[in-house]
Amino acid sequence: MNNLSLSILTLLHYNVIVRDTLEYALNHPNYDIKPYQYKKKGVMIEIEQPTALKQFIDKNAEIGKKVTEEIKALYAAIYADDSTICHVSGTELRVDHGQHIAIYDVVFPLHEDVKKIVDAHLGFARKNNLLEDQLMRLVAADERMYRAVAFTCLYRDLERLFVEYNKARNEAKGEITPQSNFIQGELLKIVNHIKFMRDNQSATDEEYWNMVDYVIKTVDQTSGRRALPKDKKFKDIFDEGRKIIGNFLMQAEKNWKELYEPAIKELLEKAKNSNNQIKVDVANQANKEEKKN
């Protein structure tokens, strides 16, 4: 890869850290503390060191301020010592799974804004005939991987909250209660995040949209806007949805790793050989290119 592609790769790597924060919205029986500590360090270092992201932030005040605030919000919510979501206890990492929505609230906006910065740099590379096919394939694979992880998390929470809502209504003999109202409010937040994820993607292929369309169909069915298929129950709908998303995630992860791992290896090798002097000053030009498009 040329130096500009490697510089853009550092932005993609940062968004991988942001994406991997969604791990704490999955109900794993236990969590490895080492990846958590790596992400904890990586979240803030990008705006504390002279990185490609910091360079762009410093030279583009409006979006720079917004992204900086989003990074600090992510750190405070998930990685700060006083976080109520993730807490290190000895050699264990404890996660409060009652706060998944709080995780989405800080991960999704930041990831989208860093992606906009990536797109601005890609626009600069395209204009100057520096855009490399290897990088573009990685960008596309990274996008699919992120959406696959996000929909995995959101769909599981949609199912969990839908079951909890119906249980609360059944226990109250169909009456609306403060508990059912609260759960309904949480469901609405999940639905809004699903729509945000759908509206901010860039994929156009049929496989991706089959997954997204199924998720949206499930949302309509749970809200009563769409009837269930004949002889189907909600359990059948959610079982099928998890299978569709799981298959998409498995393939997306395979494709992403095949492109990402050698690219990161090349980045580390070139950074070592050049004393980390691989960044390219494209912040102002990239921002101008973004405004034109």
Side-chain angles (χ1 to χ4, degrees), residues 1 3-22 39 42-75 77 103-128 130-132 135-151 154 192-204 208 212 252 256 259-260 263 267 279-293:
M1 288 188 182
N3 279 0
L4 178 53
S5 292
L6 292 172
S7 185
I8 295 171
L9 180 57
T10 67
L11 297 170
L12 289 177
H13 174 67
Y14 186 76
N15 247 359
V16 169
I17 294 176
V18 176
R19 181 200 73 203
D20 284 354
T21 301
L22 292 174
K39 292 193 286 286
V43 165
M44 292 300 293
I45 200 170
E46 286 290 323
I47 59 172
E48 296 172 344
Q49 300 293 328
T51 63
L53 180 58
K54 181 66 164 67
Q55 183 183 75
F56 190 92
I57 285 172
D58 288 345
K59 295 186 176 182
N60 298 275
E62 185 175 349
I63 189 173
K65 180 181 179 181
K66 184 171 184 281
V67 170
T68 299
E69 290 174 351
E70 289 170 344
I71 289 172
K72 291 179 177 178
L74 174 67
Y75 185 87
I103 296 175
Y104 305 146
D105 287 344
V106 292
V107 168
F108 293 163
L110 174 58
H111 192 283
E112 296 301 336
D113 281 337
V114 173
K115 181 177 178 294
K116 290 176 184 177
I117 296 174
V118 170
D119 290 342
H121 281 69
L122 292 174
F124 173 83
R126 185 179 294 107
K127 181 179 179 181
N128 290 275
L130 294 170
L131 196 59
E132 297 182 303
L135 178 67
M136 288 305 297
R137 286 187 286 112
L138 175 55
V139 169
D142 187 76
E143 165 78 357
R144 290 169 69 83
M145 178 64 180
Y146 168 64
R147 303 292 165 185
V149 173
F151 277 115
L154 289 167
N192 286 338
H193 278 306
I194 288 172
K195 292 178 178 178
F196 177 83
M197 196 59 48
R198 176 198 62 190
D199 294 343
N200 285 278
Q201 58 76 49
S202 58
T204 58
Y208 173 81
V212 176
W256 173 76
L259 294 165
Y260 182 75
L267 174 65
K279 293 178 286 295
V280 179
D281 187 3
V282 300
N284 284 337
Q285 297 96 318
N287 187 49
K288 291 176 184 177
E289 180 70 17
E290 182 184 45
K291 288 181 179 178
K292 288 179 182 179
N293 294 332

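Please read all numbers here as calculations on a predicted model, not as lab measurements.
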Show your working on side chain to side chain contact (heavy atoms under 4.5 Å, CB included) between V107 and R19 and close with a plain yes or no. CA-CA 7 Å; V107 168; R19 181 200 73 203; over 6 Å; no

What distance separates I194 CD1 from Y104 OH, expressed to the nearest 0.5 Å? 9.0 Å

For K39 and D20, what are the C-alpha separation, side-chain angles and deciding distance, and is it a side chain to side chain contact (heavy atoms under 4.5 Å, CB included)? CA-CA 8 Å; K39 292 193 286 286; D20 284 354; 3.9 Å; yes

Mind checking side chain to side chain donor-acceptor pair (under 3.5 Å) for H13 and listing every partner two or more places apart, or none if nothing turns up? Y38, Y260

Using atom types as modelled, flag every donor-acceptor pair under 3.5 Å from a side chain in residues 196-204 to any protein atom, sequence neighbours excluded.
| residue | atom | partner | partner atom | Å |
| --- | --- | --- | --- | --- |
| N200 | ND2 | F196 | O | 2.8 |
| Q201 | OE1 | A203 | N | 2.7 |

How long is the gap from CG on N60 to CD on Q55, to the nearest 0.5 Å? 9.5 Å

Do R147 and W256 meet the cation-pi criteria used here (NZ or CZ under 6.0 Å from the six-membered ring centre, within 45° of the axis)? no

Which is it for T10 and L53 under the side chain to side chain contact (heavy atoms under 4.5 Å, CB included) test, yes or no, and what are the steps along the way? CA-CA 8 Å; T10 67; L53 180 58; over 6 Å; no

Hey, is the main chain of V67 close enough, under 3.5 Å, to the side chain of D113 for a donor-acceptor pair? no

NZ (K127) and CG (L122) are apart, to the nearest 0.5 Å, by 15.0 Å

Quick check: do L12 and L135 have side-chain heavy atoms less than 4.5 Å from each other? yes

Of all heavy-atom pairs between G42 and Y14, which one has the smallest distance, and what is that distance? O-CE1, 3.4 Å

Flag, side chain of T21 to backbone of I17, donor-acceptor distance under 3.5 Å: yes

Closest heavy-atom pair, V114 versus L11, reported as atoms and distance to 0.1 Å, is CG1-O, 4.0 Å

Report the residues that fulfil side chain to side chain donor-acceptor pair (under 3.5 Å) with D58, sequence neighbours left out, ordered by chain and then residue number. K54

Kindly indicate, with the supporting measurements, whether the criterion side chain to side chain contact (heavy atoms under 4.5 Å, CB included) is fulfilled by F124 and L4. CA-CA 10 Å; F124 173 83; L4 178 53; 3.8 Å; yes

In this structure, CD of E143 is separated from NZ of K115 (nearest 0.5 Å) by 4.5 Å

Does atom CD (E48) have a neighbourhood of more than 12 heavy atoms from anything else shown, all under 6.0 Å? yes

Test item: L22 and F108 side chains (from C-beta on) under 4.5 Å apart, heavy atoms: yes

Under the rule for side-chain contact (heavy atoms from CB on, under 4.5 Å), what residues qualify as partners of K65, not counting sequence neighbours? E69

So do I47 and I57 actually touch side chain to side chain, heavy atoms under 4.5 Å? yes

May I ask you to decide whether K116 forms a salt bridge with E112, counting only side-chain N to carboxylate O separations under 4.0 Å? no

Give, for atom CG of L9 and atom CG of L267, the distance between the pair rounded to the nearest 0.5 Å. 5.0 Å

For the pair E62 and K66, find out whether any cationic side-chain nitrogen is under 4.0 Å from an anionic carboxylate oxygen. no

Can you sort out the partners of Y146 under side chain to side chain donor-acceptor pair (under 3.5 Å), two or more places apart, ordered by chain and number? none

Please check this pair: side chain of D142 against backbone of L138, looking for a donor-acceptor N/O pair closer than 3.5 Å. no

T51 (side chain) donor-acceptor with E46 (main chain) under 3.5 angstrom: yes

List in chain and number order the residues that pass side-chain contact (heavy atoms from CB on, under 4.5 Å) with E132, two or more places apart in sequence or in another chain; answer none if no residue qualifies. M1, N2, S5

On a heavy-atom basis, the closest approach of L259 and A141 is CD1-CB, 3.8 Å

